[in-house]
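Within every chain, numbering begins at 1; the chains are lettered A, B, ... in the order of the sequence lines, protein sequences first and strands thereafter.
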Number of protein chains: 2
Amino acid sequence: MAKAAGVSVATVSRALRGVDRVSPRTRDRVLAAATELHYVASPAATSLVSGRTRGVGVITPYFNRWFFATVVTGIEKVLREEGFHVLLCDLEGSTFDTRLPITQTMLWKRADGVIILNVPPRPAERSLLDRLGMPVVTVGNRQPGWPSVRIDDRAAMGVATRHAIELGHRDIGYAGTVPASITHLQTPFDRRAAFTTVMSEHGLVCPPEWTLECDWTAAGAAEHASRMFALPRIPTCIVAASDEIAFGVMSAARRHGLRVPQDVSVIGIDDHVHAEIFDLTTVRQDVEAQGRRAGRIMLEALHGRAADTVVDDVLDVELVVRGSTGPPRMVPADAPGATGATSAADALGATSAARQAPKPALQATS
Amino acid sequence: MAKAAGVSVATVSRALRGVDRVSPRTRDRVLAAATELHYVASPAATSLVSGRTRGVGVITPYFNRWFFATVVTGIEKVLREEGFHVLLCDLEGSTFDTRLPITQTMLWKRADGVIILNVPPRPAERSLLDRLGMPVVTVGNRQPGWPSVRIDDRAAMGVATRHAIELGHRDIGYAGTVPASITHLQTPFDRRAAFTTVMSEHGLVCPPEWTLECDWTAAGAAEHASRMFALPRIPTCIVAASDEIAFGVMSAARRHGLRVPQDVSVIGIDDHVHAEIFDLTTVRQDVEAQGRRAGRIMLEALHGRAADTVVDDVLDVELVVRGSTGPPRMVPADAPGATGATSAADALGATSAARQAPKPALQATS
DNA sequence: TTGAAAGCGATACCAT
DNA sequence: ATGGTATCGCTTTCAA
């Protein structure tokens with residue numbers, strides 16, 4: 001031990017942490033010895049007596065995806081600055097049954113707190129977390145009693161949908177409903193709900209055949225979009241629930257000989273790192289900032305400076321208009337105007353976007 | 001504690017771990033009590049006596065990026081199966097000076113082993129790791145004395161370059177040399193070296209103005225590619241050091257009105273999750289498998305079953321031909337044939353790809 | 001098969 | 001300002 005530096009364990013402990021009354025001379029001597037011997041206090045021992053681990057669990061549905069990896073980046077940076085470590089828990093592939101044990105063994109005495117990304121806890125998990133009594137912060141969705149950092153998914157989708165409508169689109173498709181296996185996620189639900197709401201506020205309805213279910217991956221979206229683009233009637237604009245979905249839709253459109261945005265407009269949400277190079281119009285959110293804020297809220301809680309009210313930190317979003325959206329090729333019959341030029345779509349038979357909104361509940365509420 | 005279950009701490013300890021001689025009846029009783037009380041042994045105390053933490057540090061240059069996030073996913077899955085946890089350490093933004101302390105405090109008594117992705121350790125780090133005496137596995141590049149999992153970067157780039165040459169391209173550009181700040185990474189160096197080698201084996205040279213330096217992001221690549229596409233002479237094919245770079249190049253090409261692959265072919269390496277939807281020809285590597293294998297090697301070492309020789313696990317790669325590569329629009333003068341159709345490039349003045357390789361060191365070695 | 005007791009490496013209280 | 005020591009929760013001889 002560093003007691004080879006001439007003093008007692010107690011003094012070493014005090015000196016090393018810079019606290020308490022220790023004479024400068026002694027402190028320097030201890031520090032020197034510590035450096036010399038590459039000494040670092042054992043976290044296990046410290047943890048045993050203090051009860052704290054300086055670790056924070058981060059639970060993510062898929063670490064693999066840009067959004068989550070970016071949030072984690074933000075979290076990690078902030079926590080590391082204060083000497084905290086990130087314990088990663090990727091739920092991908094976990095089933096309903098394996099989830100609880102996972103978080104249980106992971107958190108118990110290993111982490112001082114947990115940050116949960118997007119996935120709502122099941123009741124058993126909720127009670128586990130309550131029982132452990134450790135601070136919890138959620139990112140991406142709100143949970144009663146826990147501080148959260150997020151964007152307003154409904155507002156974001158409202159911006160996207162309104163952009164489409166304001167460009168003159170009436171035949172609007174939606175990409176991003178989810179398969180039953182992930183219906184527990186809030187974001188897909190909220191975005192879809194906002195889309196439907198805004199549409200109907202403008203007297204518009206998106207028919208089922210233009211509503212694409214997918215797993216929120218680009219490949220999945222491309223597959224479903226491809227089927228839709230083979231229909232006799234296709235929308236003039238597709239609102240995608242995320243940029244990755246939008247990428248898939250754009251890709252499918254191109255394979256069907258459709259030009260973006262002349263034949264079909266596409267808009268996403270996120271401002272994914274690749275959105276700019278693919279010229280995708282989107283609603284930007286600052287993902288890493290969400291991670292950083294979640295990390296800071298966690299640090300506050302860990303330092304006992306918990307806010308007196310439950311934080312709900314809602315970050316702004318911003319419409320970023322790029323080249324993937326434009327006015328519809330053909331103007332709806334109820335608002336006559338120029339007709340679009342003949343497009344590759346025509347040549348391929350994927351033509352004749354409808355001239356009016358399908359079953360408009362109400363004409364031109366806007 | 002669980003001694004409320006009627007036995008002594010020692011028995012509890014034995015029963016819970018299923019080891020040693022414990023009567024089935026006693027064991028069941030202890031297990032029942034443990035479940036009842038939600039009891040889980042404190043890792044800190046266990047760690048204090050056993051010296052092991054059941055944690056593995058994972059060090060990445062950026063885990064924001066698809067490649068790294070995917071490797072981590074693979075690692076995490078394998079480790080979790082055996083009850084090990086992943087401690088993340090993201091080096092992004094770390095400077096030459098802050099790196100050592102980071103790994104030092106992170107690893108010391110917190111992790112039983114370390115997996116290092118792509119970044120070669122500095123001498124001080126190497127000696128730190130040696131001193132700690134913990135198992136190390138590297139992914140993406142080989143380090144003397146440590147087991148590694150990787151692909152053969154030179155071979156992979158050889159496949160890509162040869163594909164371009166076999167399609168008939170002679171005017172080939174390269175995207176993916178790196179700025180001075182990251183010259184320590186091996187992969188960019190190896191891929192570049194292989195490109196140059198294969199080129200010269202075929203009597204070809206890539207001039208500096210067709211050699212794009214970038215930070216290995218799509219956006220960075222797009223910016224540099226854009227400059228190149230504004231030159232009076234451009235290559236008929238661009239070999240990109242990674243798929244993300246290729247995405248940037250494709251994007252820049254499109255913005256210059258160039259069609260892919262008619263006006264310019266693009267090939268990458270990785271088979272990025274988005275490669276298929278963007279129809280990118282690439283050299284596939286199984287990234288998650290590399291993570292899984294690294295995880296398994298680590299587990300072996302942790303279980304004391306270290307291989308007798310230092311493992312160097314080189315995974316196969318595979319050429320995946322998609323739509324982003326095709327024969328050159330104009331056939332080289334030394335191999336006359338059809339001329340390409342007039343393209344958008346002509347209309348934009350970004351025309352006249354050269355009719356023969358620039359300064360060929362040797363004609364037609366192939 | 002089970003229990004008692006000695007650490008593991010720090011912290012914190014109590015003396016000095 | 002510094003040194004002793006009980007303590008944290010578990011594993012591990014050693015006895016019984």
Side-chain angles (χ1 to χ4, degrees), chain A residues 1-35 37-55 83 85 104-105 107-112 132-134 302-304, chain B residues 1-34 37-55 83 85 104-112 132-134 302-304:
Chain A
M1 281 283 285
K3 284 161 292 187
V7 291
S8 78
V9 287
T11 307
V12 171
S13 176
R14 288 183 286 242
L16 252 27
R17 287 173 308 154
V19 299
D20 266 1
R21 311 62 49 93
V22 183
S23 86
R25 280 190 50 249
T26 321
R27 191 168 46 72
D28 291 346
R29 200 144 38 89
V30 175
L31 260 40
T35 309
L37 281 62
H38 301 289
Y39 173 82
V40 175
S42 155
T46 305
S47 172
L48 190 54
V49 46
S50 70
R52 8 191 69 286
T53 62
R54 300 195 78 77
H85 302 272
Q104 159 90 296
T105 62
L107 298 175
W108 175 248
K109 292 290 186 185
R110 291 202 104 89
D112 296 338
L132 297 183
M134 54 173 65
L302 259 17
H303 291 147
Chain B
M1 281 298 281
K3 283 158 294 183
V7 292
S8 78
V9 288
T11 308
V12 171
S13 174
R14 288 184 284 241
L16 251 28
R17 286 174 307 152
V19 300
D20 266 0
R21 306 67 43 97
V22 182
S23 85
R25 279 190 51 249
T26 320
R27 190 169 45 72
D28 290 347
R29 200 144 39 88
V30 174
L31 258 41
L37 281 62
H38 302 288
Y39 175 81
V40 176
S42 155
T46 304
S47 170
L48 189 53
V49 47
S50 71
R52 15 191 69 284
T53 62
R54 300 195 79 77
H85 302 272
Q104 160 90 293
T105 62
M106 166 175 185
L107 298 175
W108 175 246
K109 291 291 184 185
R110 292 201 102 90
D112 296 337
L132 297 184
M134 55 171 68
L302 258 19
H303 293 327

Please name all residues satisfying salt bridge (Lys or Arg N to Asp or Glu O under 4.0 Å) with A:R52, sequence neighbours left out, ordered by chain then number.
A:D112
Partners meeting salt bridge (Lys or Arg N to Asp or Glu O under 4.0 Å) with A:R27 (sequence neighbours left out)
none
Partners passing side-chain contact (heavy atoms from CB on, under 4.5 Å) against [X] (at least two apart in sequence or in another chain):
X	answer
A:T46	A:A41, A:S50
B:M134	B:L107, B:V114, B:L132
B:R54	A:R110, B:F84
A:V40	B:Q104, B:W108

Does a nitrogen or oxygen in the side chain of B:S8 sit under 4.0 Å from OP1 or OP2 of C:dG3?
yes
Looking at B:S23, I'd like to know whether one of its side-chain N or O atoms comes within less than 4.0 Å of OP1 or OP2 on C:dT2.
yes
Between the first and last five pairs of the helix from C:dT1-D:dA16 to C:dT16-D:dA1, the angle of the axes, rounded to 10 degrees:
40°
Over how many whole Å does the gap from [X] atom [atom1] to [N] atom [atom2] extend?
X	N	atom1	atom2	value
A:L48	D:dA6	CG	P	17 Å
A:R110	D:dG9	CZ	P	17 Å
B:R29	C:dT1	CZ	C1'	12 Å
A:R27	D:dG3	CZ	P	16 Å
B:L16	D:dT12	CG	P	13 Å
B:R52	D:dC10	CZ	P	19 Å
A:K109	D:dC10	NZ	P	9 Å

How far apart are the closest heavy atoms of A:T53 and A:S47, and which atoms are they?
CG2-OG, 3.6 Å
For residues 40-50 of chain A, pull every pair meeting salt bridge (Lys or Arg N to Asp or Glu O under 4.0 Å), keeping only residues two or more places apart or in separate chains.
none
Have a look at B:T26 and say if it touches a base, only the backbone sugar-phosphate, or nothing, with a 4.0 Å heavy-atom cut-off.
sugar-phosphate
Which atoms of nucleotides 11-15 of chain C (N or O only) lie under 3.5 Å from a protein N or O atom, and what are those distances?
from	atom 1	to	atom 2	distance (Å)
C:dT11	OP2	A:S13	OG	2.2
C:dA12	OP2	A:R17	NH1	3.3

Would you confirm whether A:T35, through its side chain, and A:L31, through its main-chain N or O, come within 3.5 Å as a donor-acceptor pair?
yes
